[in-house]
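As the structure is a computational prediction, the values presented were derived from the model and not from experiment. Just so we're on the same page: letters track the sequence lines, and every chain starts at 1.
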Number of protein chains: 6
Amino acid sequence: MKLKIIIPIIAEEFVEPTRKEVERLASSDVEVEVEKLEYGTASIESAFDEMLCAPEILRIAGKAESNGFDGVFIDCMGDPAVDAAREVADIPIVGPASPSMHIASEIAHSFSVVTVLENVVPLIENLATKAGVDKKLASVRSVDIPVLELEDEEKILDALVSESKETIDRDGAHSIVLGCTGMMGVAEKLRERLEEDGYDVPVIYPVGLAVRYLELLDSLDLAQSKKTYMEPPKKERNLLENLGDK
Amino acid sequence: MKLKIIIPIIAEEFVEPTRKEVERLASSDVEVEVEKLEYGTASIESAFDEMLCAPEILRIAGKAESNGFDGVFIDCMGDPAVDAAREVADIPIVGPASPSMHIASEIAHSFSVVTVLENVVPLIENLATKAGVDKKLASVRSVDIPVLELEDEEKILDALVSESKETIDRDGAHSIVLGCTGMMGVAEKLRERLEEDGYDVPVIYPVGLAVRYLELLDSLDLAQSKKTYMEPPKKERNLLENLGDK
Amino acid sequence: MKLKIIIPIIAEEFVEPTRKEVERLASSDVEVEVEKLEYGTASIESAFDEMLCAPEILRIAGKAESNGFDGVFIDCMGDPAVDAAREVADIPIVGPASPSMHIASEIAHSFSVVTVLENVVPLIENLATKAGVDKKLASVRSVDIPVLELEDEEKILDALVSESKETIDRDGAHSIVLGCTGMMGVAEKLRERLEEDGYDVPVIYPVGLAVRYLELLDSLDLAQSKKTYMEPPKKERNLLENLGDK
Amino acid sequence: MKLKIIIPIIAEEFVEPTRKEVERLASSDVEVEVEKLEYGTASIESAFDEMLCAPEILRIAGKAESNGFDGVFIDCMGDPAVDAAREVADIPIVGPASPSMHIASEIAHSFSVVTVLENVVPLIENLATKAGVDKKLASVRSVDIPVLELEDEEKILDALVSESKETIDRDGAHSIVLGCTGMMGVAEKLRERLEEDGYDVPVIYPVGLAVRYLELLDSLDLAQSKKTYMEPPKKERNLLENLGDK
Amino acid sequence: MKLKIIIPIIAEEFVEPTRKEVERLASSDVEVEVEKLEYGTASIESAFDEMLCAPEILRIAGKAESNGFDGVFIDCMGDPAVDAAREVADIPIVGPASPSMHIASEIAHSFSVVTVLENVVPLIENLATKAGVDKKLASVRSVDIPVLELEDEEKILDALVSESKETIDRDGAHSIVLGCTGMMGVAEKLRERLEEDGYDVPVIYPVGLAVRYLELLDSLDLAQSKKTYMEPPKKERNLLENLGDK
Amino acid sequence: MKLKIIIPIIAEEFVEPTRKEVERLASSDVEVEVEKLEYGTASIESAFDEMLCAPEILRIAGKAESNGFDGVFIDCMGDPAVDAAREVADIPIVGPASPSMHIASEIAHSFSVVTVLENVVPLIENLATKAGVDKKLASVRSVDIPVLELEDEEKILDALVSESKETIDRDGAHSIVLGCTGMMGVAEKLRERLEEDGYDVPVIYPVGLAVRYLELLDSLDLAQSKKTYMEPPKKERNLLENLGDK
């Protein structure tokens with residue numbers, strides 16, 4: 001299987017770590033290509049950022065199938081432009097949030113998402129509602145650390161442990177979904193720290209999950225329903241060709 | 001009150017009719033400026049179209065406040081980029097769909113939306129869910145006429161009458177929301193035709209409603225909550241300046 | 001537009017202040033007539049009170065249209081007798097609660113109502129459910145001050161500030177709806193006090209909102225659906241003529 | 001147990017038949033007193049009627065406890081004034097609709113209500129929502145026969161059979177609740193007719209159910225929660241003493 | 001009426017106390033037979049226990065009708081095997097949980113269940129959802145005392161008082177359902193203790209409620225819908241005859 | 001990965017076909033062991049059957065981990081004993097229904113299940129509710145063919161095509177989940193037949209999906225939450241050792 005991973009921002013710094021992470025997490029026979037945007041925003045922490053990154057996501061996603069890819073992963077917990085991309089492709093396309101919430105709902109009575117900033121809490125709650133699993137959502141909490149400051153692993157881990165315990169003790173969460181795909185390499189440690197303190201709950205790192213989810217869909221010859229994501233009617237569209245010098 | 005109406009597509013043909021319609025429907029002391037996009041799509045009939053039109057919507061909406069406007073209306077039933085625009089403005093910003101659904105829910109036990117194409121049915125259902133009024137939504141039906149063919153008023157009216165009756169008889173609708181802002185000048189006639197046939201239900205034309213809704217918010221000094229639509233953190237964003245020759 | 005405001009209680013003391021408040025809040029071309037009940041209760045703080053005030057509300061509302069009014073506002077947060085009044089009128093009739101909840105749901109991800117007494121909390125929660133926006137309702141809290149003791153503005157304001165913060169911090173409210181129409185003149189101050197303390201959320205005063213809502217409906221030629229609020233069949237009814245000396 | 005049955009209308013004609021029906025359906029040691037209203041409406045087929053009958057319902061219900069009754073049944077499928085009556089009494093008070101819906105939800109996967117007129121369909125749907133069992137409600141249908149024309153048993157039975165089959169075949173109902181307490185003596189026959197035609201579903205006659213429900217509550221020393229139905233604060237109330245010559 | 005009470009565990013110790021409790025709580029003309037399992041588990045505190053007790057529950061329930069019983073009560077708050085038993089009987093069969101939740105929802109705006117161990121909290125929440133009253137469920141809390149240690153009445157009562165207050169103060173409960181049928185003889189005391197401390201809410205002891213519920217169904221000639229609980233098709237089944245020496 | 005497939009019935013005839021089907025559908029490095037029950041029922045078409053098969057399912061599932069298996073699939077669309085089995089294992093355990101519904105909800109706006117007999121429709125609806133995706137469930141329909149008569153592939157395929165079209169046209173389904181794991185080898189043909197007739201929707205065969213789902217969980221080191229599925233307390237349990245001669 002050949003997978004296109006879209007880092008839906010213009011920052012360079014997540015490209016290499018993500019490639020390594022995905023190669024570590026995917027099946028050995030999965031070929032991965034990671035691509036970031038030329039035009040968009042440095043990170044996604046608002047609906048505003050999502051909208052500004054959407055066109056380029058669609059440019060890349062729209063060419064994936066003809067470029068020989070079997071699936072596309074749009075690597076941001078807002079699932080930006082996923083619905084739109086699904087309309088212009090027959091290969092499976094996923095973001096990390098909705099599949100993670102569905103699997104969290106399957107393996108636990110309830111789940112919470114622990115994300116970066118308060119800004120995106122309503123966006124993530126809305127994604128749970130659109131996914132149809134809002135009744136399983138115990139809460140969305142944030143650690144108050146911006147995406148581009150996630151490199152301090154100790155700080156983020158401490159904050160995740162603390163907020164995860166709150167979601168379990170106060171909100172009734174039975175599983176935890178990491179709320180930003182930039183939270184790399186901490187899921188296992190969070191799981192261990194929680195278990196040491198008596199909190200035996202699954203911790204889902206949405207990047208690994210999304211990649212394996214695409215493999216699952218591919219192996220079963222499944223993709224998004226064309227009844228839901230109908231092909232857009234032909235018409236004049238002039239944004240992408242007027243973007244940059246392409 | 002000074003209102004910015006964004007026709008969120010690149011087609012010219014809705015600009016003048018919309019200006020006239022809004023001037024007819026707004027209070028006499030409302031000053032209206034209608035603006036279409038330079039870059040986007042000729043009409044919006046998919047999530048794909050919405051995403052390609054979003055950046056320019058945000059460019060216009062983002063400058064409205066400093067340009068002296070008191071409110072912004074994004075004139076498309078997908079409410080494209082409304083959430084994002086609300087993050088970058090303190091003046092009230094609305095689309096037509098969500099306010100229309102809320103008012104339909106207030107004045108009737110249930111409502112249906114009759115829209116253009118089957119393609120957008122899931123989008124509109126998702127809007128009702130996000131607005132929190134999905135329990136009031138009886139159905140979304142389509143007349144199977146593309147946006148750019150809405151000029152044949154007799155054809156569209158006949159189709160609207162027929163589908164509206166179905167929503168009332170089969171789906172239990174107690175009010176009708178027109179599902180495309182391009183359906184200009186037919187709401188009153190639809191209402192009359194339905195009444196003649198014994199269907200005495202309100203018919204909401206979302207353009208008039210949205211404009212009056214902005215007036216209401218303005219008069220009460222209300223706007224979107226900055227707790228929901230927090231200001232996006234500062235960061236590098238390079239899409240808009242790389243769009244076209246601006 | 002000519003508006004009938006029904007103060008749905010027998011106490012005199014809200015008539016003049018309400019008239020002033022409505023005249024301040026309505027459009028300049030709106031003509032207002034305020035009328036209280038002859039028979040009913042001194043205030044409404046229970047379903048029991050609502051039921052005892054309903055007949056006179058209906059007497060007044062039922063005559064409004066033939067008396068030349070274009071809309072009726074029943075001025076109590078229980079929306080007493082609104083459904084019944086809508087059955088016997090073709091002009092739009094609203095209470096303050098349901099429209100306020102719909103607008104709070106439109107401009108914010110969630111809302112809370114801060115009302116007078118614990119007694120009416122279930123009533124207000126039931127109104128949110130009937131309005132179809134219960135999923136947007138974060139909580140209903142009370143300040144534990146009876147309606148007829150609302151004159152001490154400083155006391156009520158302090159209590160509102162305190163409870164509003166609780167709804168935001170603990171219940172996740174993104175906007176506040178004042179839960180009694182007798183809470184006059186405090187909405188702006190509450191909004192300011194909250195903003196000073198870092199809580200930047202809309203505060204809705206339902207009286208102003210309801211009046212402007214009626215103006216909106218009137219301007220769009222909308223009223224309650226006669227499919228929902230069907231005209232009651234003719235039959236013997238003897239309560240109103242046996243009430244008092246009329 | 002001593003039961004007060006309130007026929008919440010001014011028509012005389014249901015008093016004797018109801019007394020007989022209740023005596024047939026109640027336990028042998030239940031003492032029954034049936035009382036109709038002096039002031040109200042001839043039947044209840046709208047929210048308007050409910051509101052006009054409410055004051056006298058409350059007068060009777062409010063005196064029941066001191067008059068030695070152990071429970072009150074307000075005999076109309078709109079459950080008129082039940083919430084209000086519960087606030088002014090410590091003995092259990094029920095209407096027929098909400099308990100019937102709860103028991104239908106217990107013994108079947110889903111239920112439908114078949115009522116008299118389309119006018120009351122939204123009222124009954126709202127009752128199901130308030131009762132918390134709206135997810136169990138398959139549909140509310142009407143036979144289009146007014147309350148005061150229910151004496152033609154053959155006609156009503158045929159109509160009930162026909163609509164009940166529709167609720168089962170089309171709406172997915174697994175049990176039937178008769179939607180007007182005036183539908184006396186037809187439940188068993190409807191059940192038989194349906195069974196003969198291969199529809200083996202429970203049919204609930206709400207009058208019998210409500211009476212037995214009160215017996216159940218009484219035997220378990222249960223009544224409405226005073227946390228939900230708090231005692232109304234003392235205040236001036238002048239409606240009941242100004243009603244008629246009392 | 002002749003009632004079969006199934007103590008759905010193999011422990012002997014609840015048989016006699018339950019017989020006495022049921023005889024105290026049932027109508028005087030109800031004949032009661034209590035039977036425990038030969039094969040199963042010593043108590044039910046998990047889905048695992050429920051499944052191991054189900055076959056014998058079905059053996060006993062399946063023979064009840066031909067043995068002359070008019071109703072069956074399966075005496076455990078997990079309502080184990082109730083759905084299955086209803087498929088193989090025409091007489092009414094209930095567990096304690098679902099009917100108690102429905103009646104709690106009828107007499108109060110909301111309810112909480114206070115049960116034995118945290119292990120069964122998700123099971124009880126799922127029962128509320130299946131019963132269709134999850135919106136009325138304020139919370140499920142546990143006292144952390146295993147079923148077989150419920151004999152220390154003082155300890156259990158103190159724990160129930162404490163947790164019940166939490167459900168009222170923090171979760172918004174307006175009534176309490178005891179969450180284990182082994183909590184015998186404490187409901188009235190809990191009710192009194194709560195009332196003394198200013199918490200005037202109904203307390204439901206599900207055993208008494210279930211027995212009276214069966215009497216109600218029997219008196220109205222009601223039983224589970226055979227549309228929901230269809231008779232299982234004939235086929236080979238070999239578990240029960242291979243169980244023990246039968 | 002080593003997988004235990006439990007055919008949760010006593011019939012021999014599905015063992016070999018299932019082994020072949022699973023080997024065809026699983027990754028090449030998955031080792032599969034298929035085991036049927038000694039004691040139970042010939043097929044599962046009721047809650048009654050589920051309960052009679054549960055003990056042996058638990059016997060097999062409970063030993064899987066110590067016998068070196070990495071996951072367990074309980075191969076019946078009622079997901080029988082899945083919750084209970086999860087309590088006594090740390091390796092992931094799934095049934096086919098709940099994961100299929102979650103994935104159908106992810107790739108389509110809505111889904112329908114087309115199952116064997118009307119008997120199991122409520123069971124499957126309840127599973128969707130427990131899974132938290134009931135809002136995505138368009139309908140459950142049946143082809144009226146018993147499990148043990150599923151060998152006539154042409155007949156079953158015709159019936160599936162016909163009912164699937166109904167779910168799409170009338171119920172609004174955007175994807176189809178086969179409602180019995182005995183419907184082997186027809187998913188691709190159903191998908192083709194539907195596509196030929198213009199119905200371009202995903203068709204999910206739950207056996208393949210469940211096996212790949214277990215692989216996904218295993219690859220991510222995920223299993224059921226022990227907060228939801230807590231280990232049952234130690235106690236006397238005597239059913240399994242008294243079953244048959246073991």
**Message:** Could you measure the distance from the OG atom of F:S100 to the CD atom of A:E106? Nearest 0.5 Å is fine.
**Reply:** 9.0 Å
**Request:** Measure the CE-NE2 distance between A:M230 and F:H174 for me, rounded to the nearest 0.5 Å.
**Result:** 8.5 Å
**Message:** Counting only non-hydrogen atoms closer than 4.5 Å, does F:I103 touch chain A with its backbone (N, CA, C, O), its side chain (CB onward), both, or neither?
**Reply:** both
**Message:** Is it the case that atom CD in A:E231 sees more than 12 heavy atoms from other parts of the structure closer than 6.0 Å?
**Reply:** no
**Request:** Among the options A:R191, A:E188, A:K136, A:H102, pick out the one with the most heavy-atom pairs lying under 4.5 Å from chain F.
**Result:** A:H102
Using heavy atoms and a sub-4.5 Å threshold, report which of [range] line up against chain F, by residue number.
range                       : value
residues 17-34 of chain A   : none
residues 197-216 of chain A : A:D200, A:V201, A:P202, A:V203, A:I204, A:G208, A:L209, A:R212, A:Y213, A:L216
residues 80-88 of chain A   : A:R86

**Prompt:** Using a heavy-atom distance cut-off of less than 4.5 Å, which residues of residues 221-229 of chain F contact chain A?
**Reply:** F:L222, F:A223, F:Q224, F:S225, F:K226, F:K227, F:T228, F:Y229
**Item:** Side chain, backbone, both or neither of A:I168 within contact of chain F (heavy atoms, under 4.5 Å)
**Value:** side chain
**Message:** Heavy-atom pairs under 4.5 Å with chain A - which of F:A108, F:S175, F:P92 has more of them than the others?
**Reply:** F:A108
